[in-house]
Amino acid sequence: MDKGESKRILVVDDEKAICEILEEFLSLFGHIVTSAYNGADALERLPQVKPDVVFLDIRMPGSSGLDVLKEIKARDSSIRVIMISAFGDDETEDMAKQLGADGFIQKPVDLPGLLDLLKDGGGIEK
């Protein structure tokens, strides 16, 4: 697989194993990956990480992924946010689109498909 352009990525998921898998996999392709395990931690790390892309779990304890998405886009609308969900919920997906989500992936995560989402233009139709 082509390594392509290196990106700064923030992975936000309350499941530590998911963060570790994505961090390890994406790092293999030259990306700089940081993890956060909840919404508050993600928002706190945002200024330091300055991510190009955020992979954001929709359902987390405390702040939901939708709340975090809204805040990320309010702070910097150029950050691409790709939502991660274990549940195929059209209503939640529609809400995320309205809030500015740039893509969706389902758990279990298709790792090669994840790389496609990192390419410019990968994601969802707005």
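In this structure, the side chains of I9 and V54 stay at 4.5 Å or more apart for every pair of heavy atoms. Between L69 and E71 there is no side-chain heavy-atom pair separated by less than 4.5 Å. Using a 4.5 Å cut-off on side-chain heavy atoms (C-beta onward), F55 and V81 make no contact. Contact check for I32 versus L26: no side-chain heavy atoms found under the 4.5 Å cut-off. Counting heavy atoms from C-beta outward, L56 and I82 have side chains that stay 4.5 Å or more apart.
A distance-only check finds a donor-acceptor pair linking the side chain of N38 to the backbone of D41 [under 3.5 Å]. Not a single donor-acceptor pair under 3.5 Å links the side chain of R80 to the backbone N or O of D102. Side-chain N or O atoms of D52 include one that pairs as donor or acceptor with a backbone N or O of R8 at under 3.5 Å. S85 places no side-chain N or O within 3.5 Å of a backbone atom of Q106 that could act as its donor or acceptor partner.
Salt-bridge formation is detected for the pair D13/K107: a Lys NZ or Arg NE/NH1/NH2 atom is positioned less than 4.0 Å from an Asp or Glu carboxylate oxygen.
Around CD of E44, the count of heavy atoms belonging to other residues, nucleotides or ligands within 6.0 Å does not exceed 12.
Interatomic distance, OG1 of T92 versus NZ of K97, reported as 12.0 Å (0.5 Å rounding).
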